[in-house]
**Q** 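My questions will all concern the structure given below.
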Amino acid sequence: MSDQQPNPYASDPSQGSNNWAQGEAGYGYPQPYPGSPAYQPTIGGAGIPGGAPAYAPGPGGPGLSLGDITIAGDQIITPSGNMPLQGAMWNATDFSRTEEKIPTHAIVLAIVFALFCLIGLLFLLMKEKVTTGYIQITVTSGGRHHSTMIPAADAHSYAWVMTQINYARSLSM
């Protein structure tokens with residue numbers, strides 16, 4: 001047992017300290033944040049050269065909100081952190097579908113009235129449209145990326161979301 005090899009992973013105080021303890025990145029360890037970006041967003045438009053932004057939200061409130069993405073002043077506020085509004089990339093993807101089906105009550109009425117006369121078959125012409133699914137919204141700005149899903153309420157939900165996205169794109173220019 002006296003021939004044991006020393007642990008190569010143990011730090012030897014006489015050899016100096018290990019690199020990763022001083023904040024330097026090593027193999028397998030996350031890289032440190034590269035520093036603050038050149039553009040520092042601020043609430044109120046002070047960070048934009050040339051004065052206040054063309055769009056200013058009401059006092060104390062957000063300018064636009066899509067799911068958990070909010071635009072306030074010259075920032076995009078998300079759960080994953082704030083992003084600059086200037087130069088943001090916005091995308092929307094429709095993951096919803098609309099189905100047309102005969103409702104259950106129309107089938108019951110068709111069966112009941114078919115016994116009395118053939119006019120009950122007209123109830124089978126009743127249709128209802130049901131929309132299910134989500135619309136995914138993604139925003140990328142300042143080296144960050146965030147995505148959110150909005151439930152589709154009806155067949156026109158995607159058109160409404162695209163109107164909001166186009167407005168956000170106009171603010172990002």
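Note that the structure is a prediction, hence the values are computed from the model and not measured. Excluded from the calculations below are hydrogen atoms, water molecules and symmetry mates; all remaining heavy atoms, backbone and side chain alike, are included.
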**Q** Please report the shortest heavy-atom distance between His146 and Ser80, naming the atom on each side.
**A**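 Result for this residue pair: ND1-OG, 3.3 Å.
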**Q** How long is the straight-line distance from CD1 of Ile137 back to CD of Gln164, given to the nearest 0.5 Å?
**A**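 Atom-to-atom, Gln164:CD and Ile137:CD1 are 8.5 Å apart.
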**Q** Ignoring hydrogens and geometry beyond distance, is a side-chain donor-acceptor pair present between Ser96 and Thr131 at under 3.5 Å?
**A**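 No, because no side-chain N or O of Ser96 sits under 3.5 Å from a partner of the opposite role on Thr131.
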**Q** First locate atom CG of Leu124, then atom CG of Leu109, and finally report the distance between them rounded to the nearest 0.5 Å.
**A**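 One finds 10.0 Å between CG of Leu124 and CG of Leu109.
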**Q** Tell me whether the count of non-hydrogen atoms from other residues, nucleotides or ligands lying under 6.0 Å of CE in Met126 goes above 12.
**A**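 Atom CE in Met126 is packed in, count exceeds 12.
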**Q** Would a 4.5 Å heavy-atom cut-off, applied to side chains only, mark Leu64 and Tyr167 as touching?
**A**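 Result yes, sub-4.5 Å side-chain heavy-atom pair found.
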**Q** With the side chain counted from C-beta on, respond yes when Ile71 and Leu171 share a heavy-atom pair under 4.5 Å apart, and no when they do not.
**A**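 In contact.
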**Q** Restricting to pairs with a member in residues 99-118, which pass side chain to side chain donor-acceptor pair (under 3.5 Å), not counting sequence neighbours?
**A**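 Qualifying pairs, neighbours excluded: Arg97-Glu99.
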**Q** Would you please name every residue forming a side-chain contact (heavy atoms from CB on, under 4.5 Å) with Gln136, sequence neighbours left out?
**A**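 Residues passing side-chain contact (heavy atoms from CB on, under 4.5 Å) with Gln136: Thr93, Phe95, Thr138, Ser147, Met149.
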**Q** Do any N or O atoms from the side chain of Thr70 and from the backbone of Leu66 form a donor-acceptor pair under 3.5 angstrom?
**A**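 No; zero donor-acceptor contacts below 3.5 Å.
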**Q** Partners of Phe123 by ring-ring contact (aromatic ring centres under 6.0 Å, His included), sequence neighbours excluded?
**A**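 For Phe123 the ring-ring contact (aromatic ring centres under 6.0 Å, His included) partners, ignoring immediate neighbours, are Phe113.
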**Q** State whether the number of non-hydrogen atoms from other residues, nucleotides or ligands found under 6.0 Å of Leu125 atom CG is greater than 12.
**A**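 Count over threshold, so yes.
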**Q** For the CD1 atom of Ile150 and the CH2 atom of Trp160, what is their distance to the nearest 0.5 Å?
**A**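 Ile150 atom CD1 to Trp160 atom CH2 measures 5.5 Å (nearest 0.5 Å).
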**Q** If I take atom CD1 from residue Ile69 and atom OG1 from residue Thr78, how far apart are they, to the nearest 0.5 angstrom?
**A**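 Atom-to-atom, Ile69:CD1 and Thr78:OG1 are 7.0 Å apart.
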**Q** Of the non-hydrogen atoms in Ala155 and Thr98, which two are nearest, and what is the gap between them?
**A**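 Nearest heavy atoms, Ala155 then Thr98: CB-OG1, 3.8 Å.
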**Q** Can you tell me how far apart NZ (Lys129) and CG (Asp154) are? Round to the nearest 0.5 Å.
**A**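 Between Lys129 NZ and Asp154 CG, I get 10.5 Å after rounding to 0.5 Å.
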**Q** Is atom NE2 of His156 surrounded by more than 12 heavy atoms (other residues, nucleotides or ligands) closer than 6.0 Å?
**A**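 Not more than 12 within 6.0 Å, no.
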**Q** Working to the nearest 0.5 Å, report the span between OG1 of Thr140 and CG of Asn91.
**A**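 It comes to 7.0 Å.
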**Q** With sequence neighbours left out, what residues match Ile102 under side-chain contact (heavy atoms from CB on, under 4.5 Å)?
**A**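 Checked Ile102 against side-chain contact (heavy atoms from CB on, under 4.5 Å); matches are Ala106, Ile107, Lys127.
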**Q** So, using side-chain contact (heavy atoms from CB on, under 4.5 Å) as the criterion, who are the partners of Ser172 when residues are at least two apart?
**A**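 Scan of Ser172 (side-chain contact (heavy atoms from CB on, under 4.5 Å), adjacent residues dropped) gives Leu85, Ala88, Trp90.
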**Q** Going by side-chain contact (heavy atoms from CB on, under 4.5 Å), name the residues that satisfy it together with Ala153, two or more places apart in sequence or in a different chain.
**A**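 Checked Ala153 against side-chain contact (heavy atoms from CB on, under 4.5 Å); matches are Ser157.
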